[in-house]
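A quick write-up on the structure given underneath.
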Amino acid sequence: MKEARSGKSIPEDVVKMIFSNISSIYQFHALFFLPELQKRMEDWSSNPRIGDVIQKLAPFLKMYGEYVKNFDKAVELITTWWEKSPPFQEFIVDIQKREVCANLTLQHHMLEPVQRIPRYELLLKDYVRKLPPESPDRHDAEKALEMIFSAAKHSNAAIAEMERLQNLWEVYQRLGLEDDIVDPSNELIKEGPIQKISFRNNTTSEKYLFLFNNMLLFCVPKVIQVGAEFQVRWRIDVEGMKDVEFPHSFLVSGKQRSLELQASPCGMSRLCSAEVTEPCSLLSPAQFKSEELGRRAPQWVRDKLVTMCMRCKEPFNAITRRRHHCRACGYVVCARCSDYRAPLQYDRNRPNRVCLECYVFLTGHLLPEEREGKHKGILEKESAEISGQSLMCSFLQLLDKNGKGGTRGWFVIPQDDPLVLYMYAAPQFPHLCSGDDGTY
């Protein structure tokens with residue numbers, strides 16, 4: 001410290017950072033612990049006990065935790081200053097040449113306090129093991145051993161906490177140190193690459209996940225990695241999160257967002273070897289409880305799995321009737337059925353496109369009949385009404401006698417008469433097919 005105050009080799013604050021609270025540790029041993037043990041050794045013949053002395057002073061051994069926590073940083077500082085400061089290097093070499101150093105490096109001597117508490121624990125264990133059962137010191141020695149163990153655990157916890165904070169800070173730097181994410185109380189549980197499955201076209205794209213104790217961060221790698229390695233695309237709170245497993249993927253459903261994911265290609269060897277004959281996602285989204293509608297992000301039904309509006313049952317096409325998603329229930333609907341906007345709680349109460357049924361439920365507003373039936377002909381209403389009360393409905397391709405493809409029709413099996421099959425060759429005219437003879 002005298003050398004530091006002279007300002008020739010190293011600043012005083014750097015010396016304090018290197019040696020942390022070693023001065024307090026030294027004073028504790030020199031003024032309290034060692035004198036107490038020496039005094040007891042002098043009276044050993046009349047009072048052969050040390051357990052009570054260790055019990056009294058053991059709580060102060062927890063001060064080693066701060067030194068242990070700072071050790072790695074201290075060694076790093078020594079290395080840095082050794083490389084950039086010749087006077088510092090010369091000073092350290094001069095110290096290490098002294099007889100008291102026994103030709104050992106400074107780092108070696110700095111390691112001694114780190115090993116001190118584990119050594120105390122081993123010595124006290126050996127002492128207790130060799131004590132006779134009737135020894136007056138057995139009870140105090142066993143109690144002292146528990147307290148030494150607690151001090152050692154405290155030091156280990158300090159090391160673990162230091163490593164946790166260091167790892168956490170490195171992750172935050174990779175994420176760009178965003179204010180709403182940086183929190184020292186967070187705990188990183190898992191991170192790694194993931195494949196996101198698109199609800200629209202069933203394609204996959206490489207993404208990256210960070211799972212903390214309170215949130216899941218869905219990230220994309222930055223093209224130009226200046227200041228951050230990843231960009232946070234979505235944050236999903238762990239509270240209220242649900243996990244639904246599909247055959248070859250899984251759905252993470254949170255209040256803010258629902259994502260269908262699968263393991264990255266490096267972990268997909270088992271799945272890639274299996275023949276996939278079914279789509280990974282279900283046709284219908286997860287059924288929401290009424291109190292959850294608008295409060296948590298829905299699972300979107302994939303575009304390619306639906307050929308008609310899931311509300312009015314009219315077929316989609318690429319020009320006049322395109323696909324849209326209701327942001328409340330996740331259904332694929334046409335523009336006319338989703339021509340409504342309602343505030344959604346999971347999206348900070350911002351207005352979002354929703355279907356008519358969700359609009360009525362979320363807002364409580366009833367639409368006039370003329371708007372609900374606008375642009376619909378009589379037969380279109382009949383088709384939608386029958387499809388909505390059906391056991392099964394879908395598009396099918398009619399084959400001629402030669403087995404070649406012909407007209408594409410919309411087929412409906414009504415609930416009230418399951419032996420009758422309705423076929424709509426076009427939205428304007430229904431045909432009736434009897435289930436008894438199979439004729440049209």
Q) So, for G294 and L362, which heavy atoms are closest and what is the spacing to 0.1 Å? A) CA-CD2, 4.2 Å
(Q) Check this for me: E99, atom CD, are more than 12 non-hydrogen atoms of other residues, nucleotides or ligands nearer than 6.0 Å? (A) no
(Q) Apply side-chain contact (heavy atoms from CB on, under 4.5 Å) to residues F71 and L111 and explain how you reach the verdict. (A) CA-CA 8 Å; F71 179 75; L111 187 61; 3.8 Å; yes
Q) Is it the case that more than 12 heavy atoms not belonging to F60 sit under 6.0 Å from its CZ atom? A) no
Q.
Take a 6.0 Å sphere around NE2 of H109 and say whether it holds more than 12 heavy atoms from other residues, nucleotides or ligands.
A. yes
Q: Report yes or no: does T80 contribute a side-chain atom to a donor-acceptor pair with the main-chain N or O of E76 at less than 3.5 Å?
A: yes
Q | Residue pair R327, W300: steps toward the side-chain contact (heavy atoms from CB on, under 4.5 Å) verdict | A | CA-CA 8 Å; R327 266 58 174 182; W300 284 14; 3.7 Å; yes
Q.
When you measure from the side chain of R233 to the backbone of V220, do you find a donor-acceptor pair of N or O atoms at a distance under 3.5 Å?
A. no
Q) Does the side chain of I95 come within less than 4.5 Å of R98's, by heavy atoms? A) yes
Q. In terms of side-chain geometry, is the basic nitrogen of D140 or R49 positioned less than 4.0 Å from the acidic oxygen of its partner?
A. yes
Q: Take W44 and I50 through the test side-chain contact (heavy atoms from CB on, under 4.5 Å) and record every step on the way to the result.
A: CA-CA 9 Å; W44 187 258; I50 59 170; 3.6 Å; yes
Q) Should the pair K84 and W81 be classed as cation-pi, given the thresholds of under 6.0 Å to the six-membered ring centre and 45° from the axis? A) yes
Q: Any chance you could lay out the salt bridge (charged side-chain N to carboxylate O under 4.0 Å, His left out) test for E112 and R119, step after step, and finish with the verdict?
A: CA-CA 10 Å; E112 291 291 327; R119 287 176 178 174; 2.9 Å; yes
Q) If you take all heavy atoms of C309 and C337, which pair is closest and at what distance? A) SG-SG, 3.7 Å
Q.
Centre-to-centre under 6.0 Å for F230 and F210, is that the case here?
A. yes
Q: Mind listing the closest non-hydrogen atom pair of L217 and L175 along with its distance?
A: CD1-CD1, 3.6 Å
Q.
Please check this pair: side chain of N21 against backbone of M63, looking for a donor-acceptor N/O pair closer than 3.5 Å.
A. yes
Q | More than 12 heavy atoms from other groups under 6.0 Å of CG on N103 | A | no
Q | Q55 side, atom CD; L145 side, atom CG - distance, nearest 0.5 Å | A | 11.0 Å
(Q) Is any side-chain heavy atom of F28 closer than 4.5 Å to one of L61? (A) yes
Q | side-chain hydrogen bond (donor to acceptor under 3.5 Å, both in side chains) partners of residues 62-75, not counting sequence neighbours, each pair once | A | H29-Y64, Y64-R116
Q.
Under the criterion salt bridge (charged side-chain N to carboxylate O under 4.0 Å, His left out), I'd like the reasoning laid out for E121 against K125: C-alpha separation, chi angles, the key distance, then a yes or no.
A. CA-CA 6 Å; E121 185 180 2; K125 278 182 179 179; 3.8 Å; yes
Q: State whether the side chain of D137 and the backbone N or O of G51 hold a donor-acceptor pair below 3.5 Å, judged by distance alone.
A: yes
Q | Least distance between heavy atoms, V354 atom then C326 atom | A | CA-SG, 3.7 Å
**Q.** Heavy-atom closest pair, residues L293 and A328
**A.** CD1-O, 3.5 Å
Q. Is E142 salt-bridged to R138, going by a charged N under 4.0 Å from an acidic O?
A. yes
Q) How long is the gap from NZ on K143 to CD1 on I54, to the nearest 0.5 Å? A) 14.0 Å
Q. Can you name the closest pair of heavy atoms from Y208 and E191 and give their distance?
A. OH-OE1, 2.7 Å
Q. If you measure from CG on L31 to CD on E36, what distance do you get to the nearest 0.5 Å?
A. 11.5 Å
Q) Are the charged groups of D339 and R336 less than 4.0 angstrom apart, N to O? A) no
Q. So D237 and N214, side-chain contact (heavy atoms from CB on, under 4.5 Å) or not? Walk me through it.
A. CA-CA 6 Å; D237 293 337; N214 62 339; over 6 Å; no
Q. Can you tell me how far the CZ atom of F149 sits from the CG atom of L124, to the nearest 0.5 Å?
A. 13.0 Å
(Q) Using modelled atom types and a 3.5 Å cut-off, is there a donor and acceptor pairing between side-chain atoms of R323 and backbone atoms of V332? (A) no
Q. How long is the gap from CZ on R295 to CD on Q345, to the nearest 0.5 Å?
A. 5.5 Å
Q. Under a 4.0 Å N-O cut-off, is there an ion pair linking E170 with R174?
A. no
Q.
For C101, is there any backbone N or O sitting under 3.5 Å from a side-chain donor or acceptor partner on Q96?
A. no
Q | Atom pair CG/CG of D52 and L57 - distance to nearest 0.5 Å | A | 10.0 Å
